[in-house]
Amino acid sequence: MRFYFSGICGTAMGNGALLLNALRHEVAGSDSAVYPPMSDVLAAANIPVYDGFDADRIAKLQPDYVVVGNALSRGNPEIEYLLEQSEIKYLSLPELFREKILSHRRPIVIAGTHGKTTTSTIAAYLLDQNGNEPGWLIGGVPLDLSSGARLGEGKAFVIEGDEYDSAFFDKRSKFIHYRPQIATINNLEFDHADIFRDLEDVKRSFRHFLRLIPSSGHLLLNGDDPNVLDLLPADWTTVYKVGLDAGNDLVIKDFRDSEEGSSFSLSWKNELWAEVSWPLHGLFNARNAAMAALASALSATPSNPALFDLSPLAGFHGVRRRQDMLLKTEEAILLEDFAHHPTAVDAALESLRSAYPRRKLIACFEPRSNTAVRSVFQEEFTKALGRADSVYLGEVHRKAKMKEDQPLDTNLMVKELVSLGCCPAFAFESNQSLYEQLIKDLKGESAYLVVFFSNGSFDGIPHKVAAFLGS
């Protein structure tokens, strides 16, 4: 069949195109921003990618299906053409996965507000290392897998269960389409303020998700998170709880963090399952590992999960832009992190403080996501960033397009951080100004760690600072 991806260069869309290409379908696509790395990956797979959107192109190619990315909306010429005609079918990417990829698989759907990409990558990695030939779709760049997407020969297919909407014409959460056989929810908070009204609205979508798990399936929950536990009961399927509390089915014990990485043990049904030492930092990553371990084990050895080998975790290095080390010298460490929610920023700073207690901790934050740019979490971001010894706040993305009462007020955050005695703080109208001030201030520092938080590029500032300091 012939598929055309409108908005093909997004991570999920591009990987979806690669999976269909591997199934020997004819695939092409378009985007307004065609650039590496996805453009290079698609070119290597001989998938034509057209620069810009063009209704005449679709009319000429006459694909059987057009897959519409969720970044596209009304006014796009390809969208307008699709709505005017009835010959070519269009569908969202999640709907495509359900119909063409997940229908004959046993999906492991990794859901929750934070950590979906890392947890999905760990699950796919463990299944792969144990010889289970899984398929996967990762919304990032895994460091220990062959690619971000693979069909695999086994029954298991690991996929991130995003609660964000599917497309402009389908406002249901993406995970509603994914036929969960094994589902995990590692945490639950208010997020995506552009599509959800409040926390209860988010929970409503997650409850819908839980109703899709069959009686033969499994639901894995963070047993320490009251928001997650509030989703219960789910008495139509088997439920297991994971966490620190001794009452959980899978318990994380003896967590320790250091500059080399962290260690912890996992106890299944009151019996030691594994002792883990790996390069990743933070208790939140130990939770990700525990959830991924149990999901993988229930897929591979459901009668006795503890038979599943977790020793490959020692060689797991994570996902790009999750505490990526850009530079390490005796004087300076520079990290790049994807965190863009106050809880994720707080957890990352807590872990870095524990791992590098003798270094000055400098946090640079670019408010960029649809939630981070709004004032809804201003107090929470201020408190989280207060864990650092110094804070640099970049420009608020798309601030000029927002209503006056909507944007995050970084100048007020600076005043609050300083008045509370948390740390020195600075706000900048441009990321370039942040860069210039930061490199000037770093000249007088020794034994420091700079972490850059953004779900975007931060205008390349992290790599510019690394290049400047490494020269």
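If you read the sequence from its start, that first residue is 1, and numbering goes on from there. None of these values were measured; they are calculated from a predicted model. Values reported hereafter were calculated over all heavy atoms of this structure, with side chains retained and with hydrogens, waters and symmetry mates removed.
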How would you list, by chain and number, every residue that makes a ring pair (Phe, Tyr, Trp, His ring centres under 6.0 Å) with [X], sequence neighbours excluded?
| X | result |
| --- | --- |
| F381 | F365 |
| Y356 | H281 |
| Y164 | H192 |

State, without any angle test, whether [X] and [Y] hold a side-chain donor-acceptor pair at a distance under 3.5 Å.
| X | Y | result |
| --- | --- | --- |
| R322 | N288 | no |
| Q378 | K383 | no |
| E331 | S446 | no |
| D245 | N248 | no |
| E366 | N431 | yes |
| S351 | Q323 | yes |
| S262 | W278 | yes |
| D191 | T371 | yes |
| S430 | Y435 | no |

Is the shortest distance from a Lys or Arg side-chain nitrogen in [X] or [Y] to a carboxylate oxygen in the other one below 4.0 Å?
| X | Y | answer |
| --- | --- | --- |
| D346 | R387 | yes |
| D128 | R150 | yes |
| D224 | K241 | no |
| E95 | R172 | no |
| E78 | R57 | yes |
| E163 | K174 | no |
| R353 | D257 | no |

Only residue of N186, I110, L250 satisfying side-chain contact (heavy atoms from CB on, under 4.5 Å) with M291 is N186
Separation between [atom1] of [X] and [atom2] of [Y], rounded to the nearest 0.5 Å:
| X | Y | atom1 | atom2 | value |
| --- | --- | --- | --- | --- |
| L434 | F428 | CG | CZ | 5.0 Å |
| L91 | R98 | CG | CZ | 12.5 Å |
| L72 | S30 | CG | OG | 7.5 Å |
| F190 | D201 | CZ | CG | 8.0 Å |

Sub-4.5 Å side-chain heavy-atom contact between [X] and [Y]:
| X | Y | result |
| --- | --- | --- |
| F316 | I122 | yes |
| P462 | L334 | no |
| S354 | F255 | no |

Could you go through the side chain to side chain contact (heavy atoms under 4.5 Å, CB included) check for L335 and L352 one step at a time? CA-CA 10 Å; L335 303 176; L352 293 173; 3.4 Å; yes
May I ask you to decide if [Y]'s main-chain N or O and [X]'s side chain share a donor-acceptor pair within less than 3.5 Å?
| X | Y | result |
| --- | --- | --- |
| S92 | S166 | no |
| N21 | A17 | no |
| R105 | A156 | yes |
| N187 | T113 | yes |
| N70 | D165 | yes |

Does K360 make a cation-pi contact with Y448, if we ask for NZ or CZ under 6.0 Å from the ring centre and within 45° of the axis?
no
Query raised in the report: Hey, would you say the F338 and H340 ring centroids sit under 6.0 Å apart?
Result: yes
Test salt bridge (Lys or Arg N to Asp or Glu O under 4.0 Å) on K328 and E259 and set out the steps.
-> CA-CA 12 Å; K328 185 174 183 180; E259 190 165 334; 3.5 Å; yes
Where do S265 and E275 land on the side-chain hydrogen bond (donor to acceptor under 3.5 Å, both in side chains) test, with the steps shown first?
-> CA-CA 4 Å; S265 63; E275 293 180 341; 5.9 Å; no
| request: Kindly indicate, with the supporting measurements, whether the criterion ring pair (Phe, Tyr, Trp, His ring centres under 6.0 Å) is fulfilled by H114 and F284. | output: CA-CA 9 Å; H114 316 293; F284 63 95; 9.3 Å; no
TODO: Could you give me the CA-CA distance, side-chain angles and deciding distance for H177 and D170, then say whether side-chain hydrogen bond (donor to acceptor under 3.5 Å, both in side chains) is met?
DONE: CA-CA 11 Å; H177 294 280; D170 183 357; 2.9 Å; yes
